[in-house]
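Worksheet: the structure to be examined is printed underneath.
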Amino acid sequence: MKNLVLYFLFMFTIHVGFSQSNQPEISLNTKRNTVKVFPNPATNVINVLGLKNAQNAAISITDCYGNTVISHQWNIKNNALNIPIVNLEKGIYLISIRSEHQKVQTKFIKQ
C-alpha cells in the first residue's frame, strides 16, 4: 500500500511539473529556481544552495505522510547547507527552511 501511495504521489508530481513548466514557481517569498537542492535523488547528503546566511535557521524534513523525520537548528554559512540523510528510508521528502530572512520549501527524493 505504501508503494502504491508513493507511486501516485510521484506521478502527480511529474504531471504537475510538466503542466506548469512555463509558469514561474514561488515558494513562500523565495523563487524556487534560486534555491537548488542536489543531488536529487540523493543517497547520503543533500546540498542546498542559494540560501541567505542566517543564525539558527529552522530546518525540518517531513516524509510524504507529513511525519517530521528531521528537525534541527542550523547556521547557514556561505549561502549553503549540507544535510546528512543517510538514515532516512527511500522515498519522497519535503524540506522546509525558515530563517529571519526567508522561508523555503522544496522536495527531494532519497534513493
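For this chain, numbers begin at 1 and follow the sequence in order.
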Taking distance alone, no hydrogens or angles, what donor-acceptor pairs closer than 3.5 Å link side-chain atoms of residues 48-61 to residues at least two apart or in another chain?
residue : atom : partner : partner atom : Å
N53     : OD1  : N78     : N            : 3.2
N53     : OD1  : N79     : N            : 2.7
N53     : ND2  : N79     : OD1          : 3.2

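Distance check, rounded to the nearest 0.5 Å: CG of N40 to CG of N47 gives 11.0 Å. Residue L88 holds its CG atom at 13.5 Å from CD of Q111, rounded to the nearest 0.5 Å. Rounding to the nearest 0.5 Å places CG of L81 at 7.0 Å from CD1 of I95.
S96 is linked by a side chain to side chain donor-acceptor pair (under 3.5 Å) to Q105, counting only residues two or more places apart in sequence or in another chain. Shown here are the side-chain contact (heavy atoms from CB on, under 4.5 Å) partners of N87, two or more places apart in sequence or in another chain: there are none.
Side-chain contact between L94 and C64: absent, with no pair of heavy atoms (C-beta onward) separated by less than 4.5 Å. Within the 4.5 Å cutoff, side-chain heavy atoms of I85 are placed close to those of F108.
Counting only residues at least two apart or on different chains, no ring pair (Phe, Tyr, Trp, His ring centres under 6.0 Å) pair has a member in residues 36-64.
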Before giving the answer on side chain to side chain contact (heavy atoms under 4.5 Å, CB included), spell out for I46 and Y93 the whole-Å C-alpha distance, their side-chain angles and the decisive distance to 0.1 Å.
CA-CA 11 Å; I46 56 170; Y93 293 89; over 6 Å; no
